[in-house]
Amino acid sequence: MEAMEVDSPVELQGIGQPEGGAAAPAGDAENANAALVMSDSGSSTEVDEDDDDDGSAEGQAAAYAPPRLPATWAFSQRAMGAATSTPPIRRRVRQGLRVHYPSQTAAPSRGFPDFLLRAPAAGTAEPESGSTTEISESEDEAEGEEESTAAAAEPIDPAPPAGSDLSATVQPAQPQEAATTNSTATAEPERAEAQVQDVQVSSAVLSPSDENEGDTCTICFEAWTTAGEHRLAALRCGHLFGYTCIQRWLKAQSPSAKCPQCNKKAKRSDIVLLYAPKLRALDNTEQESLKKSLEQEQSLRRKAELESAQYKIKLQVVTNKYGQAQQELQELRALIAQTSRNLNPASSSTSSSSSHVLSLSQRADGSRSAQYSFSKAVLVSQAGGCRVLSYCEPLSCLLASQPSPHTTLVPGCGVKKVSVVNMRASQYVPIHSKQIRGLSFNRQNDSLLLSAALDNTIKLTSLLTNTVVQTYNAGKPVWSCCWCLDNSNYIYAGLSNGSVLIYDTRDTSTHVQELVPLRSRCPVASLCYVPRAASSSFPCGGLIAGSLEGGCFWEQVNEATYRPHVLPLETSGCTDIQVETESRHCLVTYRPGRSNPSLRCVLMALTRTPQQDSSELPSCSCEPVQTFNAGSSCKLLTKNAVFRSPDGGGTLVCAGDEASNSTMVWDAGSGVLRQKLPADLPVLDISPFSVNGEHFLASLTEKMLKLYKWE
């Protein structure tokens with residue numbers, strides 16, 4: 001403890017007095033001692049003083065003796081003064097008097113100490129009457145008591161002795177002060193080291209929750225990953241989340257999205273993927289690869305199940321035919337046995353047997369009386385809106401365009417899958433945002449669907465995964481589309497301004513070429529590709545584009561060169577052009593007009609004039625072969641069909657009749673109407689297909705899909 005200097009107003013007497021006046025000062029000293037005695041309401045404190053060995057106290061009997069004050073007087077006066085508001089009594093001695101309060105750890109002083117003060121801590125309560133106050137043995141408590149004592153009140157010190165004894169009284173405190181300073185200096189580094197150790201221990205002990213707090217997403221409380229959907233991502237503010245979690249969070253709160261931790265404004269473009277190799281994250285690379293393998297295995301399994309179902313159907317068909325053949329064989333054997341037993345058969349029996357054999361042979365053939373019979377009707381869209389139809393051979397399913405059945409959740413338009421194995425609608429695949437005007441498949445059997453819509457786009461959709469794999473923006477509404485049958489890398493799109501855009505599927509940016517119309521700017525209502533063939537009449541390949549004001553054949557000279565040939569068609573009313581690639585014929589449909597009040601389907605043969613001179617290029621044209629008349633109404637742009645007959649004996653022409661709400665089937669060779677298949681609504685599109693050796697015809701209305709089987 002540091003030494004304190006205390007001044008007291010007591011005047012020292014006997015200094016500078018003559019030798020004969022020793023009695024009076026002694027009496028004054030006694031009076032002074034009597035005046036300095038103070039009561040402390042029963043509390044007692046001892047003050048010890050050591051006398052010098054030389055007996056100087058006897059020689060200074062006349063000198064002023066320092067008063068002995070109670071040790072706790074200053075503290076009791078302070079406590080009582082706080083309770084009774086009585087000002088404390090201050091005693092002042094000469095300047096330079098130093099009083100030392102030794103600590104318990106200091107070495108004992110051999111000199112003459114002034115007094116030993118034992119005082120309580122400043123924060124303790126006032127002691128009761130008659131109690132004795134002592135200080136603690138602890139060094140920290142002694143320091144606290146010293147600071148509280150020095151800040152609360154100044155202690156009252158006794159007056160120093162007279163004459164030369166003053167220096168003798170003060171000097172013995174110096175060794176004790178040095179010892180106290182050394183002990184304090186030694187204790188302070190020890191306490192500092194103890195505090196540093198406590199801080200290190202407290203910082204080293206962490207709870208498991210604090211340790212794992214930086215490894216999880218604060219939205220889903222799942223661990224971050226280095227790959228996949230839940231990989232590590234950050235916002236502009238710096239907070240970390242899982243990529244899918246923060247993306248969904250901002251999407252759900254847009255446009256007023258905020259950071260989940262700091263509530264700062266954020267948007268989806270602020271999401272940044274982090275590539276931190278030293279960050280401890282869950283490695284799910286193997287898990288993602290296993291997921292992909294699982295998806296591939298599931299796809300192969302579905303494909304195998306579909307093939308198994310197809311083979312089962314084929315087996316059933318073969319079994320039925322085998323049963324019929326066995327029955328006919330038994331009937332023929334029975335008939336032969338019966339005729340052999342009758343040695344003299346009558347003419348009537350002979351004629352009846354011959355007619356019976358003829359009927360059996362006709363039943364076995366079955367080709368002469370074959371026609372389409374109704375098989376099943378499938379509801380595609382309850383609200384209507386169906387437009388075009390196409391058949392996917394690898395998946396054995398029909399695809400009909402329709403608006404979304406859940407416009408609030410999934411707006412736009414797509415296609416509905418209808419399985420021809422069980423004749424049921426299975427799935428809806430969303431593709432476009434507006435009405436679909438064209439569907440087409442290529443010859444690669446890769447289940448890749450090409451679709452065109454009025455939302456200015458054409459898209460490629462994988463039906464194996466039901467996802468859009470490529471999108472091209474044409475800039476204008478697209479009315480029709482088709483594949484290049486000579487090179488499956490090219491696709492065509494007919495626009496509303498009459499142009500045809502050519503796209504290369506290997507180039508995902510834009511179109512590679514544009515075919516500008518020669519005449520009008522009417523929308524391209526139909527596109528058909530004629531592949532190259534070894535035909536003497538029409539060997540070249542190219543694209544036939546049909547509009548309301550006619551048609552044009554774009555001959556493909558090479559991959560980058562197309563030569564236009566205007567077809568000799570009527571200048572108005574052309575609604576559709578379809579092509580039969582094997583016979584090199586095209587079917588042109590005209591709506592009713594002033595000169596022709598009924599719907600007409602004209603079958604035309606494609607021709608090409610040979611090159612006679614090097615200066616003249618060969619020209620391509622078409623000639624009418626047969627005309628088929630239907631009803632007197634045609635308000636919709638319907639699509640018709642021309643295809644080879646299932647019995648292989650000719651060509652069939654099918655067209656929808658709006659007046660009678662039916663599908664009309666003609667024989668292209670004779671022009672005779674073979675069938676009229678009824679429907680509940682106008683037929684919009686027709687698609688022939690075959691599965692498992694059986695031939696079908698599908699007609700699409702606004703709501704229903706009707707299937708007819710060739711029997």
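In this text the structure is predicted, and so the values were computed from the model without any measurement.
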4.5 Å side-chain heavy-atom contact, Leu232 and Leu240: yes
For Gln298, does the CD atom sit with more than 12 other heavy atoms under 6.0 Å from it, leaving out its own atoms? yes
Angle class for the Tyr492/Tyr562 ring planes (parallel below 30°, perpendicular above 60°, tilted otherwise)? perpendicular
After noting the C-alpha distance and the side-chain angles of Val478 and Arg437, does the key distance pass the side-chain contact (heavy atoms from CB on, under 4.5 Å) rule? CA-CA 7 Å; Val478 186; Arg437 300 302 299 265; over 6 Å; no
For residues Cys237 and Cys262, determine if any side-chain heavy atom of one lies less than 4.5 Å from a side-chain heavy atom of the other. yes
Ser633 side chain to Glu658 backbone, donor-acceptor under 3.5 Å: no
Under 4.0 Å between a side-chain nitrogen and a carboxylate oxygen: does that hold for Lys434 and Asp455? no
Under the side-chain hydrogen bond (donor to acceptor under 3.5 Å, both in side chains) rule, what do Thr505 and Gln470 come out as? Steps first, then yes or no, please. CA-CA 8 Å; Thr505 57; Gln470 183 60 40; over 6 Å; no
Report yes if some heavy atom in the side chain of Tyr391 is under 4.5 Å from a heavy atom in the side chain of Val420; otherwise report no. yes
Approximate separation, where rounding is to 0.5 Å, of Lys639 NZ and Ser687 OG: 12.0 Å
Least distance between heavy atoms, Leu449 atom then Ser440 atom: CD1-O, 3.7 Å
Hey, does the side chain of Thr225 reach the backbone of Gly228 with a donor-acceptor pair shorter than 3.5 angstrom? no
For the backbone of Arg424 and the side chain of Ser419, can you confirm whether one donor and one acceptor N or O come within less than 3.5 Å of each other? no
Take atom CD of Glu286 as the centre, draw a 6.0 Å sphere, and report whether it contains more than 12 heavy atoms from other residues, nucleotides or ligands. no
Take a 6.0 Å sphere around OH of Tyr311 and say whether it holds more than 12 heavy atoms from other residues, nucleotides or ligands. no
Donor-acceptor contact present, side-chain Asn692 to main-chain Ile313, <3.5 Å: no
Using side-chain contact (heavy atoms from CB on, under 4.5 Å), reason through Leu448 and Val469 one step at a time and then give a plain yes or no. CA-CA 9 Å; Leu448 203 59; Val469 297; 3.9 Å; yes
Take Thr461 and Val415, measure what side-chain contact (heavy atoms from CB on, under 4.5 Å) needs, and give me the verdict at the end. CA-CA 10 Å; Thr461 305; Val415 293; over 6 Å; no
Report the relative orientation of the aromatic rings in His511 and Tyr503; use parallel for angles under 30°, tilted for 30 to 60°, perpendicular for over 60°. perpendicular
Rounded to the nearest 0.5 Å, how far does CG of Leu290 lie from CD of Glu297? 11.5 Å
Check whether any side-chain N or O of Ser699 sits under 3.5 Å from a backbone N or O of Ile686 as a donor-acceptor pair, and report yes or no. no
Take a 6.0 Å sphere around CD of Gln427 and say whether it holds more than 12 heavy atoms from other residues, nucleotides or ligands. yes
Is it the case that the side chain of Ser447 and the backbone of Leu463 share a donor-acceptor pair, with hydrogens and angles ignored and the cut-off at 3.5 Å? no
Polar side-chain atom of Ser426 near backbone of Lys417 as donor-acceptor pair, under 3.5 Å: yes
Carefully, step by step, assess Arg268 and Gln247 under the rule side-chain contact (heavy atoms from CB on, under 4.5 Å). CA-CA 6 Å; Arg268 296 176 66 183; Gln247 188 178 24; 3.1 Å; yes
How many angstroms lie between atom CE of Met704 and atom CG of Leu681, to the nearest 0.5 angstrom? 9.0 Å
Over all heavy atoms of both residues, which pair between Gly494 and Leu527 is shortest? Give the atoms and the distance, please. N-CD1, 3.3 Å
Check whether more than 12 heavy atoms from other residues, nucleotides or ligands sit under 6.0 Å from atom CZ of Arg301, and answer yes or no. no
Report the C-alpha separation of Thr216 and Glu222 in whole Å, then their side-chain angles, then the decisive distance to 0.1 Å, and conclude whether the side-chain hydrogen bond (donor to acceptor under 3.5 Å, both in side chains) test is met. CA-CA 5 Å; Thr216 58; Glu222 295 291 338; over 6 Å; no
Just how far is it from atom CD1 of Ile436 to atom OG of Ser390, taken to the nearest 0.5 Å? 11.5 Å
Please find the pair of heavy atoms, one from Leu684 and one from Cys386, that lie closest to each other, and give the distance. CD1-O, 3.2 Å
Is it true that a side-chain atom of Ser401 and a backbone atom of Val388 form a donor plus acceptor pair closer than 3.5 Å? yes
Side-chain heavy-atom pair Lys703, Gln382 within 4.5 angstrom cut-off: no
Tell me, do Leu399 and Cys392 make a side-chain contact under 4.5 Å, heavy atoms counted? yes
Could you tell me whether the side chain of Leu235 reaches within less than 4.5 Å of the side chain of Trp249, counting heavy atoms only? no
Between Asp486 and Tyr529, which heavy-atom pair has the shortest distance, and what is it? OD2-OH, 2.7 Å
salt_bridge(Glu288, Lys292) N-O dist < 4.0 Å: no
Show me the pairs that pass ring pair (Phe, Tyr, Trp, His ring centres under 6.0 Å) and involve residues 425-463, at least two apart or across chains. none
Got a sec: does the NZ of Lys376 have more than 12 other heavy atoms crowding it under 6.0 Å? yes
Are side-chain N/O atoms of Gln556 and Thr561 paired as donor and acceptor at under 3.5 Å? no
Separation between CD1 (Ile577) and CG (Asn640), nearest 0.5 Å, reads 12.0 Å
Shortest non-hydrogen separation from Val429 to Asn466 and the atoms involved: CG2-OD1, 3.6 Å
Quick one: does Arg443's side chain get under 4.5 Å of Trp483's, heavy atoms only? no
Would you say that Thr581 contacts Phe643 through its side chain, given a criterion of any heavy-atom pair below 4.5 Å between the two side chains? no
CG of Leu460 to OG of Ser451, rounded to nearest 0.5 Å, is 7.5 Å
Look only at the side chain of Asn284 and the backbone of Ala227, and say whether a donor-acceptor pair between them is shorter than 3.5 Å. yes
Can any side-chain N or O of Asp507 pair as donor or acceptor with the backbone N or O of Asp504 at less than 3.5 Å? no
Here the pair of heavy atoms bringing Gln444 nearest to Ser488 is NE2-OG, 3.4 Å
